[in-house]
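What follows is one structure encoded as structure tokens, with my remarks underneath.
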Number of protein chains: 2
Amino acid sequence: MNSQNSNLQDKLSEYYSSIFEKELIDDIIKVGRFESIESGNLLIDIGQDLTHIPLILSGVVKIMRQENEDEELALYYLERGDTCAISFVNCIDHKRSIFRGIVEKDVEVVFLPVEVIDDWLQKHKTWRRFIIDSYHLRLLEMVDAIDGLAFMKLKNRMLKYLIEKVKITQENILDITHQEIANDLNSSRVVVSRMLKQLEQENKIEMRRNKIIIESF
Amino acid sequence: MNSQNSNLQDKLSEYYSSIFEKELIDDIIKVGRFESIESGNLLIDIGQDLTHIPLILSGVVKIMRQENEDEELALYYLERGDTCAISFVNCIDHKRSIFRGIVEKDVEVVFLPVEVIDDWLQKHKTWRRFIIDSYHLRLLEMVDAIDGLAFMKLKNRMLKYLIEKVKITQENILDITHQEIANDLNSSRVVVSRMLKQLEQENKIEMRRNKIIIESF
DNA sequence: TTCGATGTGTAACTAAAGTTACAGAGAATA
DNA sequence: TATTCTCTGTAACTTTAGTTACACATCGAA
């Protein structure tokens with residue numbers, strides 16, 4: 001085990017010791033594969049075989065749904081303490097992922113092999129709670145996505161998207177292009193520019209090249 | 001315990017004995033409250049306190065999301081073997097429901113008090129699997145709803161809705177008005193009539209007063 | 001049979017979002 | 001500095017969906 005991994009182990013303990021019992025943390029260290037993945041890479045892709053589930057130690061992963069080549073939609077973000085719960089039963093059933101997970105901010109992650117999961121559910125109460133909570137949180141975020149798509153106009157959906165992004169990045173100056181926003185919202189660049197201009201006129205944002213400053217959040 | 005309830009117990013055993021171990025079924029009978037609810041009534045409403053989770057023995061419940069007075073959206077249906085998994089953690093946390101559940105076809109249901117749930121997760125392997133599976137199924141249905149909203153035109157979304165309805169009712173002659181469809185899709189009656197006419201011209205459906213016959217499913 | 005309630009058809013219009021096309025600004029690099 | 005690439009602004013137009021308004025059909029109850 002190299003020094004980078006033992007560093008990751010420290011991070012695991014640091015955050016998760018308040019959530020998981022010591023025995024569980026020991027188990028995770030025993031069987032988990034620690035990895036660092038740089039921004040821009042895929043954590044998981046649609047159709048990919050799920051043999052491990054990821055436990056995020058740091059960084060941000062954007063979870064997307066993709067219909068085809070040029071139709072996609074950002075759903076939610078994974079941060080420290082999150083796992084892609086949907087991969088869980090998929091794992092057990094040896095199914096394939098229905099999401100793409102793109103690393104937005106370099107992540108440190110532990111991959112846990114599917115075999116241990118079910119065992120841990122029985123063995124560790126905190127693990128049980130963690131998995132159920134994960135499912136629940138994702139479910140709530142899905143409902144949020146549905147509300148946005150069903151009930152909101154694009155302009156407000158976009159503002160919501162921007163504000164969410166501010167929360168995730170901890171930074172109210174977003175480093176993003178109109179095209180990227182359009183991709184995440186399954187809209188088009190021209191429309192996004194139009195709406196952004198309106199938001200700017202309402203003093204909710206300010207625009208710079210490659211940047212958007214969110215005033216109200 | 002009256003005769004109706006012992007009848008419901010039979011139904012419980014009948015279907016669930018292949019899923020749950022005998023001890024679990026006994027536990028359910030011990031603490032569950034058996035009930036029959038007629039079509040048109042609410043199984044659960046948004047904001048309602050969740051002290052029990054429902055286990056459907058027969059019938060159909062439509063789960064909806066509501067934004068306000070006249071904005072709502074049908075999400076999915078619960079049938080025999082289903083539970084409203086989202087109510088699960090809500091229960092534990094004493095939260096309130098974020099869904100409405102309307103009985104579409106008279107249901108028979110067992111209500112299980114929240115207190116026993118966590119205990120059973122540890123005690124019964126099949127219960128654990130059941131709860132996780134429930135979350136997972138709902139999650140998949142949400143993704144389906146998202147795909148529909150994000151990527152499909154209303155006409156096709158409506159056809160999908162109608163076909164889903166055929167599956168649920170086991171009946172390709174649907175007893176439904178244009179207004180009801182509009183409500184479930186968060187659209188308007190006039191638009192629905194328009195699209196239905198198009199679908200009819202494409203020979204995918206036939207229209208009658210209060211009825212729609214689905215040809216292709 | 002009449003009347004009212006409910007359901008459907010359709011036209012005309014409006015609103016929201018997407019598309020095409022092109023101009024021009026800013027940054028990066030030769 | 002000139003050239004190229006990426007990003008943004010905007011006009012003009014199309015498509016999709018929602019709204020308003022009204023006619024007419026069907027059904028059941030008075």
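Ion pairing between B:R65 and B:E67 fails under the 4.0 Å rule for side-chain N and carboxylate O. The pair A:E202-A:K155 meets the salt-bridge criterion, with a side-chain N (NZ, NE, NH1 or NH2) lying under 4.0 Å from an Asp/Glu carboxylate O. Electrostatic pairing of B:R138 and B:E141 counts as a salt bridge here, judged by a charged N lying under 4.0 Å from a carboxylate O. A salt bridge between B:R129 and A:D118 is absent, with no side-chain N of the basic residue lying under 4.0 Å from a carboxylate O of the acidic one. A salt bridge is defined here as a Lys NZ or Arg NE, NH1 or NH2 lying under 4.0 Å from an Asp or Glu carboxylate O, and B:K62 with B:E104 meets this definition.
Look at NZ on A:K153: it is 8 Å from P on D:dG18, rounded to the nearest Å. Rounded to an integer number of Å, the gap from A:H178 NE2 to C:dG18 C1' is 17 Å. Atoms CG (B:L199) and P (C:dT8) sit 15 Å apart, rounded to a whole Å. Atom CG of A:L196 and atom P of C:dA17 are 13 Å apart (whole Å). Atom-to-atom, CD of A:E180 to P of D:dT6 comes out at 13 Å; the value is rounded to the nearest Å. Here C:dG7 presents its P atom at 13 Å from CD1 of B:I212, a figure rounded to the nearest Å. Protein atom CG of A:L154 is 17 Å distant from nucleotide atom P of D:dT16, rounded to whole Å. Atom P of nucleotide D:dC5 and atom CD of A:Q179 are separated by 18 Å, given to the nearest angstrom.
Place A:M195 and B:R208 on DNA chain C by their nearest nucleotides, and B:R208 ends up nearer the 5' end.
Counting heavy atoms from C-beta on, the side chains of A:E79 and A:I56 never come closer than 4.5 Å.
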Could you please spell out the steps behind the salt bridge (charged side-chain N to carboxylate O under 4.0 Å, His left out) verdict for B:R80 and B:E108?
CA-CA 9 Å; B:R80 182 179 66 169; B:E108 297 169 310; over 6 Å; no
Protein-nucleic acid N or O pairs under 3.5 Å, nucleotides 19-28 of chain D:
from: D:dT19; atom 1: O4; to: B:R194; atom 2: NH1; distance (Å): 3.4
from: D:dT26; atom 1: O2; to: B:R209; atom 2: NH2; distance (Å): 3.1

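Phosphate proximity of C:dG9 to B:K197: absent, as no side-chain N or O sits under 4.0 Å from OP1 or OP2.
Here B:K155 lies out of heavy-atom contact (under 4.0 Å) with every strand.
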